[in-house]
Amino acid sequence: MAMMAPNIQATDCSNLIPSLTSLFPPRPLHRPLSLPHSRFISKASLHHPSSPSSSSSSPPSLVSRRQLISQTASLSLSLATLLSLPLPAKSEEVLSEWERVYLPIDPGVVLLDIAFVPDDLNHGFLLGTRQTILETKDGGNTWTQRSIPSAEDEDFNYRFNSISFKGKEGWIVGKPAILLYTSDAGESWERIPLSAQLPGDMVYIKATGEKSAEMVTDQGAIYVTSNRGYNWRAAVQETVSATLNRTVSSGISGASYYTGTFNTVNRSPDGRYVAVSSRGNFYLTWEPGQPFWQPHNRAIARRIQNMGWRADGGLWLLVRGGGLFLSKGTGISEDFEEVPVQSRGFGILDVGYRSEEEAWAAGGSGILLRTTNGGKNWTRDKAADNIAANLYSVKFINDKKGFVLGNDGVLLRYLG
């Protein structure tokens, strides 16, 4: 069906311990210790050629279990008393290049997006389910709950999906349909009403300039505004459902009306989009100026989990079961090659580029992978294995500031 831009009008709503050996050099005991059931030769039974009384047939002595336990306990107690050193931190709190930041939220909250004010990279916001908005003013070390009155006037438990800043202007979108705008770096937020005819749920927003933004729904509608959200113009002429029904005869595998929603959507710095269908059986791309989304058959047998843009302008692709593929060359492509990764069978859920050569991938059961050659080789950060959470979003604000989001309120901060 042809999609006309709904008449979206808005009113101004102003308003870690050193080893024991290194601390205490070993000294001989009266009877040397051994493992249980093993034997040792006492000093009296050692064979000396000059000693005729020595006999090689002398039976060796045994350490009784009671002696072993007593000596071991005494040594442990003495050392513990002398050292009085603190215990090591929990493994999930000591990561090689990441640290966990504990948040003042319920464990069930799912974190969904994070952004910082460009003019003040100490000031940022973190979004999630259950109407969660957290604010930091120290670069992400500590976070506090933020209350926005204009989002609390109704009996809705909003899911805040996306946030973006350009200068001091910022935008937040969520579900049920809600749009928040700030012109003072988030000190105050106003709610901008949206048309009830908006097709689909808003899943992504990008601040593009002064009073300007791009908004995407899970049905493929893309709208742009240049006047602070008072009016929006449709950038595509039809929803994804309409495009699939119109092109189903062209050979897009699995295309049907029922797959006309997105599972994930990612935007490149130059405004191109790549989206994965809700079933993961194909993907779609859009470039500025195109009237419709372009569907693409997947060249991989397994279903697609997520897709996004590399720092060099190419595409990365994740499939269910832990596979990672990179497109050959840059730009939009249907030609991918698999890259071996140590995913331990867990799915990889997202990739974030810190630079053109370095990137991090995150996935189920605390999987963290790193590449330093643009994605050709990946190594696993084992220090994160004990984090009992699925890590599903990697975001680098710049080459020094990055975060990994996970379920149950897990947030990792990049240390570098």
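Everything quoted here is computed from the prediction, not taken from an experiment.
Side-chain contact between Val173 and Met215 is present, with heavy atoms from C-beta onward closer than 4.5 Å. The side-chain heavy atoms of Leu127 and Ile114, taken from C-beta on, include no pair separated by under 4.5 Å. Residues Arg267 and Glu214 meet the side-chain proximity criterion, which asks for heavy atoms closer than 4.5 Å. In this structure, Lys211 and Asn227 have side chains that are not in contact, with every pair of non-hydrogen atoms separated by 4.5 Å or more. When side chains are defined from C-beta on, Val404 does not count as touching Trp360, because their heavy atoms never get closer than 4.5 Å. Taking 4.5 Å as the limit, every side-chain heavy atom of Ile304 sits out of range of all side-chain heavy atoms of Phe282. Residues Ile348 and Leu369 have side chains in contact (heavy-atom distance under 4.5 Å, counting atoms from C-beta outward). When side chains are defined from C-beta on, Val101 counts as touching Leu103, because their heavy atoms get closer than 4.5 Å.
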**OP:** Could you check Asp106 against Thr132 for side chain to side chain contact (heavy atoms under 4.5 Å, CB included), going step by step and ending with a plain yes or no?
**Re:** CA-CA 10 Å; Asp106 295 333; Thr132 299; over 6 Å; no

**OP:** Tell me, with the steps shown, if Lys168 and Asp119 meet side chain to side chain contact (heavy atoms under 4.5 Å, CB included).
**Re:** CA-CA 7 Å; Lys168 292 186 177 182; Asp119 298 337; 3.9 Å; yes

**OP:** Kindly determine whether Asp381 and Trp98 satisfy side chain to side chain contact (heavy atoms under 4.5 Å, CB included), including the steps that lead there.
**Re:** CA-CA 10 Å; Asp381 188 341; Trp98 300 84; 4.2 Å; yes

Original post:
Please walk me through it: do Thr371 and Asn373 pass side chain to side chain donor-acceptor pair (under 3.5 Å)?
Top reply: CA-CA 6 Å; Thr371 180; Asn373 56 9; 2.9 Å; yes

Original post:
Can you check side chain to side chain donor-acceptor pair (under 3.5 Å) on Asp399 and Ser355, steps first, answer last?
Top reply: CA-CA 7 Å; Asp399 60 350; Ser355 66; over 6 Å; no

Original post:
Should His296 and Thr285 be marked as a side chain to side chain donor-acceptor pair (under 3.5 Å) after you check the CA-CA gap, both sets of side-chain angles, and the distance that decides it?
Top reply: CA-CA 8 Å; His296 302 266; Thr285 58; 2.7 Å; yes

Original post:
For Trp232 and Leu179, what are the C-alpha separation, side-chain angles and deciding distance, and is it a side chain to side chain contact (heavy atoms under 4.5 Å, CB included)?
Top reply: CA-CA 12 Å; Trp232 296 83; Leu179 174 64; 3.6 Å; yes

Subject >> Worked check of side chain to side chain donor-acceptor pair (under 3.5 Å) between Asn231 and Arg233 >> reply: CA-CA 7 Å; Asn231 302 101; Arg233 174 180 57 84; over 6 Å; no

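Within the 3.5 Å criterion, the main-chain N or O of Trp189 finds no donor-acceptor partner in the side chain of Thr182.
The only option from Leu315, Val319, Leu324 that meets the side-chain contact (heavy atoms from CB on, under 4.5 Å) definition with Phe336 turns out to be Leu315. No option in Tyr273, Trp293, Tyr204 other than Trp293 meets the ring-ring contact (aromatic ring centres under 6.0 Å, His included) test with Phe262.
A salt bridge does not link Glu210 with Lys166: every distance from a Lys NZ or Arg NE/NH1/NH2 to an Asp or Glu carboxylate oxygen is 4.0 Å or more. Salt bridge status for Lys175 with Asp201: present, with a side-chain N to carboxylate O gap under 4.0 Å. Arg310 and Glu357 are not joined by a salt bridge, as no carboxylate oxygen comes within less than 4.0 angstrom of a charged side-chain nitrogen. With salt bridges taken as basic N to acidic carboxylate O contacts below 4.0 Å, none links Asp120 and Lys137.
Taking the ring axis of Tyr414 as reference, the NZ or CZ atom of Lys401 does not stay both within 45° of it and closer than 6.0 Å to the ring centre.
Between Phe160 and Tyr158, the ring planes are parallel. Angles under 30° get that label, and only those over 60° would be called perpendicular.
The shortest heavy-atom contact between Asn266 and Trp309 is O-NE1, 3.4 Å. Pairing each heavy atom of Lys328 with each of Ser333, the nearest pair is O-OG, 4.2 Å. Heavy atoms only, all atoms of each residue included: Leu318 and Leu349 are closest at CD1-C, 3.4 Å. Nearest approach of Gly220 to Val236, heavy atoms of both residues: O-CG2, 3.5 Å. The shortest heavy-atom contact between Ala207 and Trp171 is CB-CD1, 3.7 Å.
Ring centroid separation for the pair Phe116 and Phe403 comes in under the 6.0 Å cut-off.
Once rounded to the nearest 0.5 Å, the distance linking CZ of Arg413 with CD of Glu97 reads 13.0 Å.
Using a 3.5 Å distance cut-off with no hydrogens or angles, the side chains of Thr243 and Glu238 do pair a donor with an acceptor.
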